[in-house]
Amino acid sequence: MRPLFDATSLELLLANGRNRDQDHAPVIKVFNPTGAQTWLLSELDPYGDTLFGLCDLGFGEPEMGYVSMSELLEVSRRLPIGLERDLYFQGTRPLSVYAGEARAAGRITA
């Protein structure tokens, strides 16, 4: 199982977390390969394990919000094949753009 967060993505997430006044592009996409859950993550709180991003739990109502990194890692450990990181995803637009598209579609489409 590949780690969800590597050193480079953590550095970018932390840098964005120190500058919360901007609408950052998502740094990574994490998804459940056996379910409908997807997260586009753009920031990490430098003082804890709180991530910010677009969260889609598969109920047709994706929303921007906070998620605990330790909880994501725990969920991943409990799944038979774990959560995965989309290695080909590149956030090219602000998170709010992805959020608008996701709300219109009822799911993250990136």
Worksheet item: What's the shortest heavy-atom distance between A99 and M64, and which atoms?
Response: CB-SD, 3.5 Å

Worksheet item: Does Q37 offer a backbone N or O that forms a donor-acceptor pair with the side chain of N32 under 3.5 Å?
Response: no

Worksheet item: To the nearest 0.5 Å, how far apart are OG1 in T34 and CG in L79?
Response: 5.5 Å

Worksheet item: Can you list every pair that meets ring-ring contact (aromatic ring centres under 6.0 Å, His included) and has a residue in residues 20-54, with sequence neighbours left out?
Response: F52-Y66

Discussion item. Tell me which pairs pass salt bridge (Lys or Arg N to Asp or Glu O under 4.0 Å) where either residue lies in residues 54-63, with sequence neighbours left out.
Written reply: none

Worksheet item: Judged by atom type as modelled, is there a donor-acceptor pair below 3.5 Å linking the side chain of D86 to the main-chain atoms of K29?
Response: no

Discussion item. Give me the atom names and distance for the closest heavy-atom approach of L95 to D23.
Written reply: N-OD1, 3.3 Å

Worksheet item: Honestly curious: do F89 and F5 fall in one hydrophobic cluster under the side-chain, below-4.5 Å linking rule?
Response: no

Fill in: same_hphob_cluster(L12, M69) at 4.5 Å side-chain heavy-atom cutoff
yes

Response to the item:
In terms of heavy-atom contacts, S42 and N16 come closest through O-ND2, 2.8 Å

Worksheet item: Should V67 and V30 be regarded as members of a common hydrophobic cluster, given that ILVMFWY residues are connected when their side-chain heavy atoms come within less than 4.5 Å of each other, either directly or indirectly?
Response: yes

Worksheet, complete the sentence: Correct closest heavy-atom pair for P33 and G82 would be CD-O, 3.3 Å

Discussion item. When you group the ILVMFWY residues by side-chain heavy-atom contacts below 4.5 Å and let the links chain together, are L51 and L4 in the same group?
Written reply: yes

Worksheet item: Does any pair with a residue in residues 40-52 pass salt bridge (Lys or Arg N to Asp or Glu O under 4.0 Å), and if so which ones, sequence neighbours excluded?
Response: R20-E43

Worksheet, complete the sentence: Residues R93 and P26: closest non-hydrogen pair is O-CD, 3.4 Å

Practice prompt. Can you spot which of L44, I28, V27 makes a side-chain contact (heavy atoms from CB on, under 4.5 Å) with L10?
Written response: L44

Discussion item. Return the CG to OG distance between L73 and S68, rounded to the nearest 0.5 Å.
Written reply: 8.0 Å

Worksheet, complete the sentence: So CZ of R78 and CG of L83: to nearest 0.5 Å the spacing works out to 11.5 Å

Fill in: Over all atoms of both residues, closest heavy-atom pair of G91 and Y98
CA-OH, 3.5 Å

